[in-house]
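Here the structure is laid out as C-alpha cells; the discussion comes afterwards.
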Amino acid sequence: MFARAKYNIGIILRKLVDILKAVKFKEIVGDSNKNILDLTLDSRDVREASIFVAIKGSQTDGHAYVSEVDGVAAAVICEVLPESMKASCTYVLVEDSSKSLGLIASNFYGNPSAQLKLVAVTGTNGKTSVATMLFQLFKQMGYQCGLLSTVENRIGNQLIPSTHTTPHAIAVNSLLARMVENGCSHCFMEASSHAIDQNRIHGLDIDGAIFTNLTHDHLDYHKTFKEYLKAKKSLFDGLSKNAFALSNADDKNAKVMLQNTAAKKLYYALTGNAEFSGRVIESDFNGMMLNMNGQELHVKLIGSFNAYNLLAVYGAALLLGEDETEVLVAMSTIEGAEGRFEYMLSSQERIVGIVDYAHTPDALKKVLETINQLNTQRNQLITVVGCGGDRDKSKRPLMAAIAARLSSKAIYTSDNPRSEDPNIILDEMQDGVGVLDKKKVLVIENRKQAIKTACMMANTEDIILVAGKGHESYQDVKGVKSHFDDKEELEAAFKQLNK
C-alpha cells in the first residue's frame, strides 16, 4: 500500500518523466514512466513509489545509502551510479543532485512558486524582520499570505514551527503548495547564505529579492568573506528579467550584489541617493517619525536598523504594485518580528528591559548605538551577551569588545554552547576587551544568573539589553536543547525586584 509523503499536502501522484522536466540528467537507467508518490532525502523515509535523492552534504553523503533503499524506492537521483543496480529501481544520473532536487520538488508539487508573488530576503541582518514586516503589511492590506522565516512559518493565520531559516527544497515547495491551496497570493521568504549555497531555493520562480546588508557572519561555513558574499550574490544572479532586485545603497556591497542580475535594479537608502529614500525625523522608545520619499509617517518600531528594514518593505510593496498611500497607512501598524528589539518595563523601578537576537558584531553594535541615542538621560546601560558554540569563533572577541565599549557594564554569559565548553568561549570573548574596558566586565557563565544579576545591578530607569538569542526558546548544551527564553527570564527577574 502506498504511504503518504511526509511533506505532502495530500496524496500526489505524478509520473517520473514529468517530475524530471527541466532536470539536466546525464543518463536514465530503467523505466521513466513510473508513478511517484513522494520525495525524500532521508533513507529512513523511503517507501514504495518514493524518489530518493542522494545529496552530498557537509556531514553525510546520501550516496552511501543508495544500496539500502534502491530495493524499495521507485527511483534514485544520484551523481554516481552504484556498481550494482536493481531492476525494480530507476536510476537518474545528474551532475548536481541538490540543484536537481529543487526542480524535481517544484515539478512534483505543481510549481507552486509560479502561482504566488514570491519575494526572497537575504543579508546578514534584517532578513527575519523584513520578511515578517512584509507579511504583516500585506496581511493588513487584506491579502492571504505566507511566511518562511527563522522564527516561524505561516500560511495565513496558521502557524507552522520553523526548524531552519530556509527549509530544504522538498519542504519549501510543500509549504508553497499548501499556501496556494489555502488561497495565498504572496509569500515572503528569508534566503540564508547556507540555503542559497546548498541550492535549497533552486528552481523557485522568485518575483523579487531584497538585499539588506553584509557584515561578519557564518565564516565557519563559508571560510572567507568573499565566498559568503558570492553565496548571497548568486540569489540575484539567478533572477529573471521580470523580477526586481532591491538593494541597500548605504551598504558598500550594494552594487556588487546586483552587478550581474537580469532583474530590474533599484535601491533604498537613509543617507545616499536611491529610488526609495528615507530619513528618521524623531525617535524615542515609543517609536519613530519617518520621512519616506517625502511622505511622513509614525511607526511603532525604533532604531536606524528598523528604518532600513521599513524602507525595504516600503520599496518592495510599491514594486509589487501596491498603492503608496495604502502602504504607508498599513506600515504604521507593523510591529516587527519576535525577539527583535522587544522591550518591557519593570513596574516599580521602571527599568527598561530589551531582548534582541543580535548575534553578530554589526547587529550588536547597531542595537547598542540605537539604545545610546535614545538614552538621553544617560542612564546606566547593562548588556548581557554570549556567543554560540560550533560557530564562527572570530566573532567572539569582536562582540565582547563592542558590548564593553558601548555599555556601562557588560556581563558575558553562555549562549548556545552546543558541543563546546562555555568557559572556553567566554575566555575567547574576553580576549577582545581593551584594558580600559575590563573594569566594566563581569563573567557569569549561567545565563539565568547573568540576567538576574543585571537586574539587581540596575537602578531606576536604567536599561538592560539581553542579546544573542531573541526569539529562541531553548539553550543547546552538548546536543540537548532545554527550555530557556530570555524574555521569560527577564520578566521573572523583574518580578523578583518588586517583592
Side-chain angles (χ1 to χ4, degrees), residues 5 7-25 36-39 51 53 77 94 96 98-122 131 134-135 138-139 141-149 153-156 158 160 166-192 195-196 198-210 234-246 261-264 316-322:
Y7 293 102
N8 280 0
I9 57 174
I11 296 290
I12 297 176
L13 178 66
R14 302 207 190 278
K15 294 289 185 182
L16 176 58
V17 66
D18 296 326
I19 294 172
L20 294 175
K21 183 180 179 183
V23 175
K24 294 180 180 178
F25 55 83
I36 302 298
L37 279 176
D38 78 288
L39 316 173
I51 291 179
V53 185
I77 311 296
V94 298
D96 190 321
S98 62
K99 284 187 175 179
S100 299
L101 176 62
L103 296 168
I104 288 167
S106 183
N107 290 335
F108 181 76
Y109 285 104
N111 298 301
S113 61
Q115 301 173 60
L116 294 159
K117 289 288 186 183
L118 178 61
V119 176
V121 186
T122 198
L134 279 165
F135 174 81
F138 276 74
K139 186 179 176 185
M141 293 193 300
Y143 290 98
Q144 180 80 341
C145 319
L147 172 67
L148 300 178
S149 80
N153 299 320
R154 282 192 174 273
I155 301 173
Q158 183 184 358
I160 301 164
T166 315
H168 61 66
I170 299 173
V172 166
N173 279 278
S174 172
L175 287 165
L176 293 176
R178 289 172 62 182
M179 291 175 194
V180 171
E181 187 182 58
N182 282 272
C184 292
S185 57
H186 296 72
C187 175
F188 305 103
M189 173 182 72
E190 287 188 56
S192 68
I196 298 167
Q198 294 168 11
N199 297 310
R200 292 186 225 158
I201 60 173
H202 185 74
L204 296 181
D205 187 342
I206 297 174
D207 295 280
I210 301 169
S234 65
L235 169 65
F236 299 92
D237 292 349
L239 294 176
S240 76
K241 64 179 182 180
N242 299 318
F244 69 80
L246 180 60
T261 189
K264 182 180 180 181
L318 296 192
L319 290 169
L320 288 168
E322 298 306 310

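Not measured: the values here are computed from a predicted model.
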Go through the structure and list residues passing side chain to side chain contact (heavy atoms under 4.5 Å, CB included) with [X], not counting sequence neighbours.
X: Q158; value: I155, I160, R178
X: K15; value: V17, D18, N33, N35
X: A243; value: L239, S240, A263

Judged by atom type as modelled, is there a donor-acceptor pair below 3.5 Å linking the side chain of [X] to the main-chain atoms of [Y]?
X: N107; Y: K21; value: yes
X: R14; Y: I36; value: no
X: D207; Y: L118; value: yes

Margin query: If you apply the rule side-chain contact (heavy atoms from CB on, under 4.5 Å), what do you find for V53 with L39, and how did you get there?
Written below: CA-CA 8 Å; V53 185; L39 316 173; 5.5 Å; no
Atom pair [atom1] ([X]) and [atom2] ([Y]), whose distance is rounded to the nearest 0.5 Å:
X: R154; Y: C145; atom1: CZ; atom2: SG; value: 11.5 Å
X: E190; Y: T122; atom1: CD; atom2: OG1; value: 9.0 Å
X: I170; Y: D38; atom1: CD1; atom2: CG; value: 8.0 Å
X: K24; Y: S100; atom1: NZ; atom2: OG; value: 10.0 Å
X: F25; Y: L103; atom1: CZ; atom2: CG; value: 12.0 Å
X: N173; Y: R200; atom1: CG; atom2: CZ; value: 13.5 Å

With sequence neighbours excluded, residues passing side chain to side chain donor-acceptor pair (under 3.5 Å) with [X]:
X: K139; result: N157
X: D237; result: K233
X: S106; result: N111
X: S98; result: D96, N199

### Task
Indicate yes or no: at least one non-hydrogen side-chain atom of I51 is less than 4.5 angstrom from one of I77.
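In short, these two side chains touch, coming nearer than 4.5 Å.
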Quiz item: Would you say the side chain of M189 lies within less than 4.5 Å of the side chain of L204, judging by non-hydrogen atoms?
Solution: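 Yes. Closest side-chain heavy atoms under 4.5 Å.
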Note to self: side-chain contact (heavy atoms from CB on, under 4.5 Å) for L319 and V119? Distances and angles first, verdict last.
What the structure shows: CA-CA 11 Å; L319 290 169; V119 176; over 6 Å; no
Where is the tightest heavy-atom contact between [X] and [Y], given as atom of each residue plus distance?
X: G102; Y: A169; result: CA-CB, 3.9 Å
X: G146; Y: C184; result: N-SG, 4.0 Å
X: M179; Y: L148; result: CE-CD2, 3.8 Å
X: F236; Y: T261; result: O-OG1, 2.7 Å
X: E322; Y: M141; result: CG-CE, 3.8 Å
X: A191; Y: A120; result: CB-CB, 4.3 Å

*From CA spacing to verdict: side-chain contact (heavy atoms from CB on, under 4.5 Å), Y109, V180*: CA-CA 10 Å; Y109 285 104; V180 171; over 6 Å; no
Under the ring-ring contact (aromatic ring centres under 6.0 Å, His included) test, which residues partner H202, sequence neighbours left out?
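Listed in chain order: nothing, the list is empty.
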Margin query: I'd like to check the ring-ring contact (aromatic ring centres under 6.0 Å, His included) partners of F138; sequence neighbours left out, ordered by chain and number.
Written below: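 For F138, the residues satisfying ring-ring contact (aromatic ring centres under 6.0 Å, His included) (neighbours in sequence not counted) are Y143, H186, F188.
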Q: Could you walk me through whether L37 and L13 pass side-chain contact (heavy atoms from CB on, under 4.5 Å), step by step?
A: CA-CA 5 Å; L37 279 176; L13 178 66; 3.9 Å; yes
